[in-house]
Amino acid sequence: MSPLGAPSPKTLEANSSHDVDSRTGFMAPQIPLRRLPEPWEPWEVLLDAAISAKLQPGDAIGITEEDRSRSERWRTRIRESVILDTIGLSSSDILLRRAHLVLGFLMHFYVQSLPPHSPVLIPKSISIPLLKVSTILDMPPVVTLSDTVLYNWDLKSAPETTSSIDLDNLCCQTLFSGLKDEEEFYLSSARIEIRGVEALEIMHLIAIEIANCHDVNGAGTKDAVLVSANYTTAGTSINRVTNHLYRLAVVINDLKRLLLNVQNGCDPSIYYNDVRPWFRGEDSDHSKRKWIFEGLDGLLESGTLVKPPTELSGTSAGQSSLIHSLDIFLGVDNRRPVLGDAGMVKTPSFLERMKTYMPKKHRMFLGDLECRKPSLREFVVEKNEQSLNAAYNASVMALKEFRDSHMIIVARYIIGPAHRDAEATKQKSESLEGVDSSLLKGTGGTDMVKFLKGVRNQTAEAVVGTA
Ligand code: HEM
């Protein structure tokens, strides 16, 4: 701990207590387990069956009778499956992560392939083990970004070097649709997470400088020689922080480029019609159906679960610990709910809520990051040096531009196809207002246009005045 009782700069160092790796960041440090071992093989077999049957979302445009009966046959298999024991999973995070992924995918396949107005009754063979595994991991019983991205990566070919990961050599293990578009969608997040490792390193270096500078200035000595020496150290520290912040802006710009590259392999209408429907959570269900987990009462009565699951939003890159880290580190105040954020009526805000969908140790990382004193922003405001202010603003504006680009992507991948859908279903809408508002909800249940604009504006508000 520093003299002020703040967490040491080590908080930002890649370390195992936070499951943050110096090569892969928040992504699993090694290629995640590709298949559960024998006792749980029946789940893998059911997942293979869903993928190879090319199940369609129940409300897919142009779904045929044959599609419907194929998915009903698969759901019958799920209902008739035995409930497998999860005890052997609990001692290994590696097994638990794969189990969460497999059971989460099975549940989303089950729920989303149902006819649009059928009740959502999740059979015991999935609900009981999923609720148990999720409780151990302290994560919601739904597919999260950790399932689709962090613990779902693989390499196309043996790497030439083990020191870094070639972003073009990444591929995914498990997909709903089996389509390249879905894979590219997950990989755009994966590449951002890995490129973001440099951002984490820079944050760590800045944290060291701030801690040093603070210790030096806090010495409070009256000795003239030492005071001038202190000024020199503080001065060079400010220069180093300035340089690091410009480097951080370059990395954030790269994240933006990687985000926009999603367009190279993921077609917007395929994403909208064939990929996105699988992620929907309870709060983005068009028919507003409640998800009922069979066997839940028994788990509550036995004390295996203390309360019914409440977090059932669909997966969203709003769960990216990297982007949350950048916000926290730069001092973007995005905890205030914004218009369109479901958190306006229920606290906490959407972005706060998304933290509960992150792996527990990543949540702890963010918690520690938040406690840092002085924060970067406090340091910048206190020093009020022109060059430092400009460098800080460059990083903040790079993050704001990342969000501008993200909004362009959302317009192309959701708003555009939603319009085309509305036209196809003869709604004849000319404006966004003409589109069924449930179609313009994020998978996390937000009123996405207002919400994303709000977060983008909050980012821009973090800039400091020039000295
Ligand atoms: C085709 C690509 C993408 C689409 C269509 C998309 C869509 C959305 C939508 C609709 C939201 C609103 C929240 C919700 O889910 O309800 C959202 C939030 C968010 N997305 Fe994406 N997204 C895409 C790719 C990415 C990628 C690659 C990242 C990188 C990490 C990302 C980062 C975020 C973040 C951080 C939020 C929370 C809002 C914010 O902090 O600005 N998204 N996204």
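Order of listing sets the numbers, starting from 1, for every ligand and every atom in it. Residues: numbered from 1 along the sequence shown.
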Check each atom of ligand 1 against the heavy atoms of Leu452 and keep those under 4.0 Å away; list them by number with element. 12 (C), 18 (C), 38 (C)
Minimum-distance pair of heavy atoms, taken over all atoms of Ala99 and Leu89: CB-CD1, 3.8 Å
Exactly one of Arg98, His108, His100, Arg97 should register a side-chain hydrogen bond (donor to acceptor under 3.5 Å, both in side chains) with Asp147. Which one does? His100
Where ligand 1 meets Ile409 - atom numbers and elements under 4.0 angstrom, heavy-atom basis: 1 (C), 2 (C), 3 (C)
Hey, are Arg68 and Thr64 close enough side-chain-wise for a donor-acceptor pair under 3.5 Å? no
Which bit of His324 gets closer than 4.0 Å to ligand 1, counting heavy atoms only: side chain, backbone, both or neither? neither
Measure Leu322 to ligand 1 on non-hydrogen atoms and call it side chain, backbone, both or neither using the 4.0 Å cut-off. neither
Determine whether the aromatic ring centres of residues Tyr186 and Phe176 are separated by less than 6.0 angstrom. no
Do the charged groups of Arg35 and Asp48 touch, with an N to O distance under 4.0 Å? yes
Enumerated ligand 1 atoms positioned under 4.0 Å from heavy atoms of Ile192: 27 (C), 29 (C)
Could you tell me which N, O or S atom of His406 is nearest to atom 21 (Fe) of ligand 1? NE2
Nearest non-hydrogen atom to atom 27 (C) of ligand 1 belongs to which of Leu255, Leu259, Leu260? Leu259
May I ask you to list the atoms of ligand 1 that are less than 4.0 angstrom from any heavy atom of Val455? 39 (C), 40 (O), 41 (O)
Is there a polar contact between ligand 1 and Ser188, counting only N or O atoms under 3.5 Å apart? no
Quick one: look at Leu258 and ligand 1, take heavy-atom pairs under 4.0 Å, and tell me if it's side chain, backbone, both or neither. neither
Ligand-residue contact atoms, ligand 1 with Phe185, heavy atoms, under 4.0 Å: 1 (C), 2 (C), 3 (C)
Pairs flagged by salt bridge (charged side-chain N to carboxylate O under 4.0 Å, His left out) wherever residues 152-172 is involved - sequence neighbours left out: Arg34-Asp154
Within-4.5 Å side-chain heavy-atom neighbours: Val381 and Arg377: yes
Mind checking whether Asp327 has an N or O less than 3.5 Å away from an N or O of ligand 1? no
Is a donor from one side chain sitting under 3.5 angstrom from an acceptor on the other, for Arg276 and Tyr413? no
All pairs passing side chain to side chain donor-acceptor pair (under 3.5 Å) where residues 401-410 contributes a residue, at least two apart: Asp327-Arg403, Lys400-Asp404, Arg403-Thr459, Asp404-Arg456
Ligand 1 to Tyr271, heavy atom cutoff 4.0 Å, flagged ligand atoms 5 (C)
